[in-house]
Colleague: 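This is the structure I have questions about; it appears just below.
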Amino acid sequence: MRIAFVSGNRELLPDAVIPLGLLYVMAATPAHHEKVLWDLCFEDDPQATLARNLAAFQPDLVALGMRNIQNNDYSDTSTNIQYYQDLVATVRAHSRAPVVLGGGGFSVMPEKLLLRLGADFGIAGEGESAFVALVEALQSGGDTNAIGNLHTRRTGGLQTTVHSNPPALGWQNLDQLAVPDRSAVDPRHYGTYHIDSVQTKRGCALHCDYCTYPLIEGRAVRQRSPEAVADEMCLSIEKRPEIKHFFIVDSVVNLPPRHAKAVCRALIDRKWQVPWTAYANPLAFDRELADLMVAAGCAGVEIGSDSGVDRVLTAMKKGFLRKDIERMHQTCAAAGLRDCHTFILGTPGETLDDVAESLDFCRDLSPFAAILMIWLDDAESLDPELAAERAVFRDQVKQRVLQKADEFPRWIIPPLGVNFDPRLFDFLRTLGMAGPLWQHLDRLDGRPRTRKRRLPLSPAA
Ligand code: B12
């Protein structure tokens, strides 16, 4: 079969990211198929590029990766949906090949997105087993009912419905998965952004109330051998010396902590030098781990602290409280590890006073940096009424945040454009900096910060 793997993601903020998930699915697809990767990230006219590629390659199957529903600052959900809908329409206009959707964004609402985007199939969650099984079934005319997590669009008369197979367990032994082939990656990823991505395990056992991660990678944690992770990283920089930073894409790097420590030791054994960043959690983050991370090249950790109000943290089922966030900050500071805390303000049940308390907490915590997001439910992307209803409160939250925006110089507030601007990021890159750019914000201390002049209010406000 001739299979075109298409990465639709064009998000460049905070950084462009290689299509790691699609590369995994591509690597798992047997070599006797003819496989190509089309990454639309840097194309001026993605629809025209896709149309041209389709005409030239004439695929039998198109595998379209949808990573993001929301945009980088969580202020817009509709644009991405329309863009992916247009990509599917372009495939239809230039090819008879069936279209299979998959990816992190798609997995959050598979049935609704399959209907809306008009593709033939969708695979929610980990794609390797299901995609390979689907390719075999399509080739042999076999049954697709046993393929876990497969969603199929069916048209009967005037009605279009989605048939969803029950979910299946994710890949159990990650060391038996084919390693992504980075030679297919668009060289502009490494040449301009200098970042590579690597996964040390899959699954997140936490129960945070709002989080969609379990829909994507399940709750059962499966770990790669630390040696395999270190080998993959070493091979990658050997082939691409332009790589200056790695991002460990695990939901949380330090759960379980023993595995994180083993990965650090494997990197230390290899005298690893390239800086890296990972998401970490205040639970099970001890000084030994922080020291090992620093010795293994970790430049900083991103922490989903989310709120500075214990009642809100408890309602979110985060499993930790303010004191744990404070302890983690102190551990990082003592070990010389830069910490960046993300706060999600205005979640369901939160009041404007809670928002103000979180902002005060974050200011007093005084971490290396903090990212302030305003809550936007993925479901709003397909439900205009819900979106309009929520927009009013969101604007009130924005006003509160704006009032306090000057209190901490290293607050990044994407929905207000504070310290979050493509020109600022380009400027930092021209100074030779790579990796999450919050890690370089100290270079801007004392300089005027970027800020949107007017507060963008929704029409409903
Ligand atoms: C690490 C991460 C980041 C890092 C990425 C660093 C890097 N260098 O890669 C950073 C912090 C930069 C980041 C930024 C953003 N992220 Co992010 N990120 C993640 C995270 C935790 C892991 C993504 C990852 O690489 N996973 C590892 C790969 C191997 O898995 P995967 O991509 O899911 O692929 C598997 C399956 O999805 C499937 N699959 C993938 N593609 C395809 C295609 C087909 C055809 C098929 C069949 C299957 C398939 O099979 C793959 C292998 O099993 C996810 C949450 C999560 N737990 O998944 C959020 C997530 C993907 N991010 C999200 C968002 C919104 C963003 C941002 C837009 C916003 C923001 N500011 O955070 C930006 C956009 C950046 C960009 N340029 O695209 C959302 C996307 C969904 C949504 N709600 O829109 C997620 C799901 C988190 C969430 N909030 O729910 N992110």
Side-chain angles (χ1 to χ4, degrees), residues 3-29 41 61-77 80-81 99-110 113 119 121-132 134-135 149-151 170-171 174 177 180 189 193-204 208 210-218 245-253 276-279 302 304 340 342 344 371 373 376-381 412 414-415 420 435-438:
I3 308 175
F5 292 87
V6 184
S7 174
N9 187 15
R10 291 170 58 73
E11 192 56 73
L12 300 179
L13 290 175
D15 284 296
V17 299
I18 65 160
L20 187 67
L22 197 61
L23 288 174
Y24 262 112
V25 179
M26 201 172 162
T29 306
C41 188
L61 187 63
V62 174
L64 174 58
M66 181 183 192
R67 185 193 191 276
N68 304 323
I69 302 171
Q70 310 206 16
N71 69 345
N72 58 69
D73 64 11
Y74 289 92
S75 63
D76 178 22
T77 54
N80 271 354
I81 307 267
V99 183
V100 189
L101 294 171
F106 175 74
S107 304
V108 173
M109 299 182 286
L113 284 169
F121 302 100
I123 291 168
E126 288 171 46
E128 290 89 348
S129 309
F131 184 75
V132 173
L134 178 64
V135 169
N149 276 336
L150 178 72
H151 302 269
W171 197 282
L174 294 186
L177 262 181
H189 278 289
Y193 292 87
H194 307 285
I195 298 183
D196 203 355
S197 316
V198 71
Q199 188 173 47
T200 83
K201 62 179 167 322
R202 288 186 181 175
C204 184
C208 309
Y210 60 88
C211 185
T212 54
Y213 290 16
L215 296 172
I216 305 169
E217 44 183 292
H245 202 101
F246 264 81
F247 200 104
I248 294 187
V249 299
D250 304 8
S251 298
V252 175
V253 77
W276 52 273
T277 301
Y279 287 118
E302 298 193 13
C340 177
T342 299
I344 306 180
I371 302 175
M373 295 289 200
L376 183 66
D377 190 331
D378 286 330
E380 292 181 39
S381 59
I412 299 167
F420 193 80
L437 293 166
W438 61 261

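Everything numeric in this text was worked out from a predicted model, so none of it was measured. Whatever order the structure lists ligands and atoms in, that order sets their numbers, starting from 1. Along the sequence shown, the residues carry numbers beginning at 1.
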Colleague: Output the list of atoms in ligand 1 that are nearer than 4.0 Å to some heavy atom of E128, sorted by atom number.
Modeller: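 Those of ligand 1 that fall under 4.0 Å from E128 are 52 (C), 53 (O).
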Colleague: Would you check if the side chain of E128 reaches a backbone N or O of L177 as a donor-acceptor pair within less than 3.5 Å?
Modeller: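 Answer holds: no.
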Colleague: State, to 0.1 Å, how close G435 and D15 come at their nearest heavy-atom pair, and which atoms those are.
Modeller: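 Residues G435 and D15, closest heavy atoms: O-OD2, 3.9 Å.
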Colleague: Out of curiosity, Y24 OH to W171 CH2, how far, rounded to the nearest 0.5 Å?
Modeller: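 Y24 atom OH to W171 atom CH2 measures 11.5 Å (nearest 0.5 Å).
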Colleague: If you take the nearest heavy atom of each of P14, S7, C204, C41, which one is closest to atom 73 (C) of ligand 1?
Modeller: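 Residue with the shortest heavy-atom distance to the ligand atom: P14.
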Colleague: Go through V17 and F247 one step at a time and tell me if the side chain to side chain contact (heavy atoms under 4.5 Å, CB included) criterion holds.
Modeller: CA-CA 9 Å; V17 299; F247 200 104; over 6 Å; no
Colleague: Test of understanding: given a 4.0 Å heavy-atom threshold, classify the contact between M66 and ligand 1 as side chain, backbone, both, or neither.
Modeller: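 No part of M66 comes within reach of ligand 1.
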Colleague: Heavy atoms only: give me the nearest G105-I69 pair and the separation to one decimal.
Modeller: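 That closest heavy-atom pairing would be O-CD1, 3.3 Å.
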Colleague: Considering both backbone and side-chain atoms of D250, is one of its nitrogen or oxygen atoms within less than 3.5 Å of a nitrogen or oxygen in ligand 1?
Modeller: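 Such a contact does not occur with ligand 1.
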Colleague: If you round to the nearest 0.5 Å, how far is CG of D378 from CG of N68?
Modeller: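 With rounding to 0.5 Å, CG (N68) is 10.0 Å from CG (D378).
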Colleague: I'd like to check which ligand 1 atoms, numbered from 1 as shown, lie under 4.0 Å from a non-hydrogen atom of E217.
Modeller: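 Listed by number with element, the hits are 56 (C), 57 (N), 58 (O).
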Colleague: By number and element, which atoms of ligand 1 are closer than 4.0 Å to a non-hydrogen atom of V100?
Modeller: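 Those of ligand 1 that fall under 4.0 Å from V100 are 45 (C).
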Colleague: Against heavy atoms of R202, which atoms of ligand 1 measure under 4.0 Å?
Modeller: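 Taking each heavy atom of R202 in turn, ligand 1 has 52 (C), 53 (O) under 4.0 Å.
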Colleague: Mind checking whether T212 contacts ligand 1 via backbone (N, CA, C, O), side chain (CB onward), both or neither, at a 4.0 Å heavy-atom cut-off?
Modeller: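 Contact part for T212 vs ligand 1: side chain (C-beta onward).
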Colleague: Residue-level breakdown please: for V25 versus ligand 1, do any non-hydrogen atoms fall below 4.0 Å on the side chain, on the backbone, on both, or on neither?
Modeller: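 Side chain only; the backbone of V25 stays clear of ligand 1.
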Colleague: In terms of atom number and element, which parts of ligand 1 are under 4.0 angstrom from non-hydrogen atoms of G65?
Modeller: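 So the answer, numbered in order with elements, is 43 (C).
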Colleague: Between D378 and ligand 1, does any nitrogen or oxygen pair lie at a separation below 3.5 Å?
Modeller: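 Yes, D378 has an N/O under 3.5 Å of an N/O on ligand 1.
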Colleague: Contact between F420 and I371 at the side-chain level, heavy atoms closer than 4.5 Å - yes or no?
Modeller: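 The answer is no; the side chains never approach within 4.5 Å.
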Colleague: Is I248 in contact with ligand 1, taking contact as a heavy-atom separation below 4.0 Å?
Modeller: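 False for this residue.
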Colleague: Going by distance only, is there an N or O of D196 that falls short of 3.5 Å from an N or O of ligand 1?
Modeller: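 No, D196 has no N/O under 3.5 Å of an N/O on ligand 1.
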Colleague: I'd like to check the salt bridge (Lys or Arg N to Asp or Glu O under 4.0 Å) partners of E302; sequence neighbours left out, ordered by chain and number.
Modeller: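 Listed in chain order: nothing, the list is empty.
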Colleague: Is L64 touching ligand 1 with its side chain, its backbone, both, or neither, if touching means heavy atoms under 4.0 Å apart?
Modeller: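 Backbone only.
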Colleague: Within the structure, does E11 bring an N/O atom to less than 3.5 angstrom of an N/O atom in ligand 1?
Modeller: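 Checking ligand 1 against E11, an N or O pair does fall under 3.5 Å apart.
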Colleague: Identify the heavy atoms of L23 and P180 that sit nearest to each other, and give their distance.
Modeller: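 Taking L23 first and P180 second, the nearest heavy atoms are CB-CB, 3.7 Å.
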Colleague: I'd like to know whether L113 forms a side chain to side chain contact (heavy atoms under 4.5 Å, CB included) with I81, so could you lay out the CA-CA distance, the side-chain angles of the two residues, the decisive distance to 0.1 Å, and finally the verdict.
Modeller: CA-CA 8 Å; L113 284 169; I81 307 267; 3.6 Å; yes
Colleague: Report the part of N9 (side chain from C-beta onward, or backbone N, CA, C, O) that has a heavy atom under 4.0 Å from ligand 1; answer both or neither where that applies.
Modeller: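 For N9, the contact with ligand 1 is made by the side chain alone.
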Colleague: Measuring from atom CG of D196 to atom CG of L20, what distance do you get when rounded to the nearest 0.5 angstrom?
Modeller: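 D196 CG to L20 CG: 8.0 Å, rounded to 0.5 Å.
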Colleague: In terms of atom number and element, which parts of ligand 1 are under 4.0 angstrom from non-hydrogen atoms of L13?
Modeller: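 Listed by number with element: 74 (C), 75 (C).
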Colleague: So F106 and L64, side chain to side chain contact (heavy atoms under 4.5 Å, CB included) or not? Walk me through it.
Modeller: CA-CA 10 Å; F106 175 74; L64 174 58; over 6 Å; no
Colleague: For atom 54 (C) of ligand 1, tell me which residue out of Y213, W276, F5 has the closest non-hydrogen atom.
Modeller: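 Result: the heavy atom closest to atom 54 (C) of ligand 1 is in Y213.
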Colleague: I want to confirm something. Looking only at heavy atoms, which of A278, G125, S197 is nearest to atom 36 (C) of ligand 1?
Modeller: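 Considering heavy atoms of A278, G125, S197, the nearest to atom 36 (C) of ligand 1 sits in G125.
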Colleague: Y24 to ligand 1: N or O pair under 3.5 Å?
Modeller: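 It does not: no N or O of Y24 is found under 3.5 Å from an N or O of ligand 1.
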Colleague: Near G105, which atoms of ligand 1 are under 4.0 Å from a heavy atom of that residue?
Modeller: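 So the answer, numbered in order with elements, is 81 (C).
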Colleague: Within the 4.0 Å heavy-atom shell around M373, which atoms of ligand 1 are there?
Modeller: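 Those of ligand 1 that fall under 4.0 Å from M373 are 71 (N).
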Colleague: Can you tell me if Y279 has a non-hydrogen atom under 4.0 Å from ligand 1?
Modeller: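 Under 4.0 Å: yes for Y279.
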Colleague: Determine, using ring centers only, whether Y213 and Y279 are less than 6.0 Å apart.
Modeller: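 Not close enough - the centres of the two rings lie 6.0 Å or further apart.
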Colleague: Nearest 0.5 Å, please: how far is SG in C41 from CZ in R67?
Modeller: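 Going from CZ on R67 over to SG on C41, the span is 10.5 Å.
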Colleague: With nothing but distance in play, are any N or O atoms of E126 less than 3.5 Å from an N or O of ligand 1?
Modeller: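 N/O-N/O distance below 3.5 Å does not exist for this pair.
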Colleague: Rounded to the nearest 0.5 Å, what's the gap from CG on N9 to CG on N80? Could you check?
Modeller: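 Result: 8.0 Å between the selected atoms.
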Colleague: Can you check whether Q70 has an N/O within less than 3.5 Å of an N/O in ligand 1?
Modeller: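 Yes: some nitrogen or oxygen of Q70 is under 3.5 Å from one in ligand 1.
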Colleague: Any sub-3.5 Å donor-acceptor pair from K201's side-chain atoms to L174's backbone N or O?
Modeller: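 Not at all, since once roles are kept as given, no pair shorter than 3.5 Å links the two residues.
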Colleague: Within this structure, what is the CD1-CD distance for the pair I248 and Q199, rounded to the nearest 0.5 Å?
Modeller: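 These two atoms lie 10.5 Å from each other.
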Colleague: Using distance alone, decide if ligand 1 has a nitrogen or oxygen within less than 3.5 Å of any nitrogen or oxygen in V108.
Modeller: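 No, V108 has no N/O under 3.5 Å of an N/O on ligand 1.
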Colleague: Regarding ligand 1, does G127 bring an N or O atom to under 3.5 Å of one of the ligand's N or O atoms?
Modeller: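 Looking only at distances, the answer is yes, because the N/O contact criterion of under 3.5 Å is met.
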Colleague: Does some non-hydrogen atom of D15 fall short of 4.0 Å from ligand 1?
Modeller: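 D15 counts as a contact of ligand 1 under the 4.0 Å cut-off.
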Colleague: Going by the closest heavy atom to atom 42 (C) of ligand 1, which one wins out of G8, G103, G435?
Modeller: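 Nearest option to atom 42 (C) of ligand 1, by heavy atoms: G103.
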